[in-house]
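Treat the numbers as computed from the prediction; the structure is a model and nothing was measured.
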Amino acid sequence: MGKSITGKNEQLTYLKERLTMFMEVLDHIEPENTELEDIDRLIGMLDDLEVKVEQFKTRKEG
């Protein structure tokens, strides 16, 4: 597993990178060819991002 992300700058960088990845995936989706599984995957990515934001908000910097 990777190193724990504890610093506020590290947390912000992580969130920005994940959001950038999400936006890249979204940019490459062709609406006419999108399956329900693709939409579910996007929702899962957003859910994971939301969980990380909440974890970072409640975690003390160490």
Side-chain angles (χ1 to χ4, degrees):
M1 298 229 42
K3 183 180 119 179
S4 180
I5 301 171
T6 56
K8 293 292 179 188
N9 286 336
E10 289 176 310
Q11 292 172 351
L12 186 57
T13 298
Y14 175 86
L15 292 173
K16 285 180 179 180
E17 288 172 356
R18 293 295 300 263
L19 187 56
T20 298
M21 284 189 329
F22 176 79
M23 294 300 294
E24 287 174 2
V25 170
L26 199 57
D27 283 342
H28 289 93
I29 286 182
E30 296 179 27
E32 59 276 354
N33 297 327
T34 302
E35 305 270 337
L36 183 57
E37 293 81 18
D38 298 324
I39 303 298
D40 287 342
R41 204 169 304 120
L42 288 171
I43 292 169
M45 290 174 76
L46 285 176
D47 289 343
D48 293 343
L49 193 54
E50 182 179 12
V51 167
K52 275 298 180 196
V53 168
E54 290 303 316
Q55 287 175 350
F56 292 159
K57 281 175 36 178
T58 59
R59 186 180 295 165
K60 301 281 187 219
E61 191 167 341

For the CD atom of E17 and the CG atom of L12, what is their distance to the nearest 0.5 Å? 10.0 Å
Quick check: is L42 connected to M21 through a chain of hydrophobic side chains (ILVMFWY, heavy atoms under 4.5 Å apart)? no
K8 to F56 - nearest heavy-atom pair and separation: NZ-O, 3.5 Å
Within 6.0 angstrom of E50 CD, more than 12 heavy atoms from elsewhere: no
OG1/T34 to CD/E32 distance, rounded to the nearest 0.5 angstrom? 7.5 Å
Do I29 and L46 belong together in a cluster built from hydrophobic side chains that touch within less than 4.5 Å? yes
Interatomic distance, CD@E54 vs OG1@T58, rounded to 0.5 Å, equals 7.5 Å
Are V51 and L49 linked, directly or through other ILVMFWY residues, by side chains that come within less than 4.5 angstrom of each other? no
Nearest 0.5 angstrom please: L19 CG to Y14 OH, how far? 12.0 Å
Could you measure the distance from the NZ atom of K57 to the CD atom of Q11? Nearest 0.5 Å is fine. 12.5 Å
Between CG on residue L36 and CZ on residue R41, distance to nearest 0.5 Å: 10.5 Å
Side-chain touch K52/D48, heavy atoms, less than 4.5 angstrom: no
